[in-house]
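Have a look at the structure below before the remarks.
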Amino acid sequence: VQLQASGGGLAQPGGSLKLSCAASGRIVSINSMGWYRQAPGKERELVATITSGGSTNYADSVKGRFTISRDNAKNAVFLQMNSLNAEDTAVYYCNADGVKRVDVWGTYSYWGQGTQVTVSS
């Protein structure tokens, strides 16, 4: 199973970016997908998650500014980021948790490679 993230880049303060992530491989189902971020010198932190049923969870710092969505048929997750500020600068990582595979019993968690988001004027 591989997760491919895209959509990062440079944005001005107050601007917007949209991140996308698609999981590929011999997947039966994915329970939760989400986004985490890690700024220089800081630990990785949760940004937002969404379950297969559409339940969402957001970090307080992004509530009202970021929106997570999901396409279950495509095993894809998206993060619409609005009103960006410098504190949002980080490498953003896509996560798929509770993954059931065709070829292996059990559930697994996978991470994407990370995509850089820089907010600067």
Search all heavy atoms of [X] against all heavy atoms of [Y] and return the closest pair with its distance.
{"X": "Leu46", "Y": "Tyr36", "result": "CA-CD2, 3.4 Å"}
{"X": "Ile30", "Y": "Ala23", "result": "CD1-CB, 3.9 Å"}
{"X": "Gly7", "Y": "Leu17", "result": "O-CD2, 4.1 Å"}
{"X": "Asn82", "Y": "Ser16", "result": "OD1-OG, 2.8 Å"}
{"X": "Ser32", "Y": "Thr49", "result": "OG-CB, 4.0 Å"}
{"X": "Ser109", "Y": "Asn95", "result": "OG-ND2, 3.2 Å"}

Are [X] and [Y] close enough that some pair of their side-chain heavy atoms sits under 4.5 Å apart?
{"X": "Ile27", "Y": "Val99", "result": "yes"}
{"X": "Gln80", "Y": "Ile68", "result": "no"}
{"X": "Tyr108", "Y": "Lys100", "result": "no"}
{"X": "Val47", "Y": "Leu79", "result": "yes"}
{"X": "Ile50", "Y": "Val77", "result": "yes"}

Kindly compute the distance separating [atom1] ([X]) from [atom2] ([Y]), expressed to the nearest 0.5 Å.
{"X": "Ser24", "Y": "Asn75", "atom1": "OG", "atom2": "CG", "result": "9.0 Å"}
{"X": "Leu3", "Y": "Met33", "atom1": "CG", "atom2": "CE", "result": "5.5 Å"}
{"X": "Gln4", "Y": "Thr115", "atom1": "CD", "atom2": "OG1", "result": "9.0 Å"}
{"X": "Arg101", "Y": "Arg26", "atom1": "CZ", "atom2": "CZ", "result": "9.0 Å"}

- Query: Among the clusters formed by ILVMFWY side chains lying less than 4.5 Å apart, do Leu10 and Leu19 turn up in the same one?
  - Reply: no
- Query: For Thr51 and Asn31, what are the C-alpha separation, side-chain angles and deciding distance, and is it a side-chain hydrogen bond (donor to acceptor under 3.5 Å, both in side chains)?
  - Reply: CA-CA 6 Å; Thr51 68; Asn31 180 42; 5.8 Å; no
- Name all pairs fulfilling the disulfide bond (SG atoms under 2.5 Å apart) condition that reach into residues 19-121, sequence neighbours left out, sorted by first residue then second.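 Qualifying pairs, neighbours excluded: Cys21-Cys94.
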- Near-ring test Phe66/Trp35, centroid separation under 6.0 angstrom: no
- Task: Answer yes or no: does atom CD of Gln2 have more than 12 heavy-atom neighbours from other residues, nucleotides or ligands under 6.0 Å?
- Result: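 12 or below, so no.
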- Item | Worked verdict on Gln116 versus Thr89 for side-chain contact (heavy atoms from CB on, under 4.5 Å) | CA-CA 8 Å; Gln116 177 70 46; Thr89 296; 4.1 Å; yes
- Message: Do Arg37 and Tyr93 form a cation-pi contact, if we require the NZ or CZ to be under 6.0 Å from the six-membered ring centre and within 45 degrees of the ring's axis?
- Response: no
- Could you tell me whether Arg70 sits above the aromatic face of Phe78, with NZ or CZ closer than 6.0 angstrom to the six-membered ring centre and within 45 degrees of the axis?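 No - Arg70 does not lie over the ring of Phe78 by the 6.0 Å and 45° rule.
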